[in-house]
Amino acid sequence: MKAGHEGDADHTFEPIAVTTSASQLICRLRRVLRPEDLDCACRETLNGALARFDEQERRRETRRRVAAAREQKERIASILHFLSELDAVTEAESDRTVFEEFALLFVEITRSADAAVSALRGL
């Protein structure tokens, strides 16, 4: 994400599809199989199996997204460790590149936070 959360015109959050590719496949299978002359018990068995598979895929996707958000949280925690050194820097710092390095750490936190937001909003 670019710096400046206050309406940066170049940045938009891209919505993440709530359904998984497996869910989309299951919907297509249901449309194809619906017109077929399956007896009622067979159709119920098929629908039940497709529903269970869809639920398993949704859980798998949820686990993946939560794990991705946790990974970003850990990354942010690691960066915060480096940022603690900012407390030792004063206005008298002669090496001005130090300030740019700290700025880059904040940029990385922003990127990690945005990645976590994307992962969680897709749930």
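Positions are given from 1 along the sequence.
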If you take all heavy atoms of Phe53 and Ile26, which pair is closest and at what distance?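 It is CD2-CD1, 3.1 Å.
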Contact summary for Ala119 and Ala68, nearest pair of heavy atoms: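 Here Ala119 and Ala68 meet closest at CB-CB, 4.2 Å.
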What's the separation between atom CD in Glu57 and atom CG in Leu25, rounded to the nearest 0.5 Å?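 Answer for the CD-CG pair, Glu57 versus Leu25, is 9.5 Å.
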Rounded to the nearest 0.5 Å, what's the gap from CG on Asp114 to CD1 on Ile109? Could you check?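 That separation rounds to 12.0 Å.
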Quick check: are there more than 12 heavy atoms from other residues, nucleotides or ligands sitting under 6.0 Å from CZ of Phe99?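 Yes - once you tally the heavy atoms of other residues, nucleotides and ligands closer than 6.0 Å, there are more than 12.
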Would you say Glu55 has more than 12 foreign heavy atoms packed within less than 6.0 Å of its CD?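 Yes.
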Identify, with sequence neighbours excluded, every residue that meets side chain to side chain contact (heavy atoms under 4.5 Å, CB included) alongside [X].
X: Thr97; answer: Asp95, Glu101
X: Arg52; answer: Ala49
X: Phe102; answer: Leu83, Glu85, Leu86, Val89, Val98, Leu105

Under the salt bridge (Lys or Arg N to Asp or Glu O under 4.0 Å) test, residues paired with Arg70 that sit two or more places apart: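 Salt bridge (Lys or Arg N to Asp or Glu O under 4.0 Å) list for Arg70, sorted by chain: empty.
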In terms of side-chain geometry, is the basic nitrogen of Arg65 or Glu61 positioned less than 4.0 Å from the acidic oxygen of its partner?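 Here Arg65 pairs with Glu61 in a salt bridge, since their nearest N and O are under 4.0 Å apart.
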Transitive ILVMFWY cluster of Leu104 at side-chain heavy atoms under 4.5 Å: who else is in it?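 Same cluster as Leu104: nobody, lone residue.
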Tell me which donor-acceptor pairs under 3.5 Å the side chains of residues 72-79 have, and how far apart each pair is, sequence neighbours excluded?
unit_1	atom_1	unit_2	atom_2	d
Gln72	OE1	Ser112	OG	3.1
Arg75	NH1	Glu108	OE1	3.3
Arg75	NH1	Ser112	OG	2.6
Arg75	NH2	Glu108	OE1	2.8
Ser78	OG	Glu74	O	3.2

Is Arg28 close to Val32 at the side-chain level, that is, under 4.5 Å between some pair of heavy atoms?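 In short, these two side chains do not touch, never coming nearer than 4.5 Å.
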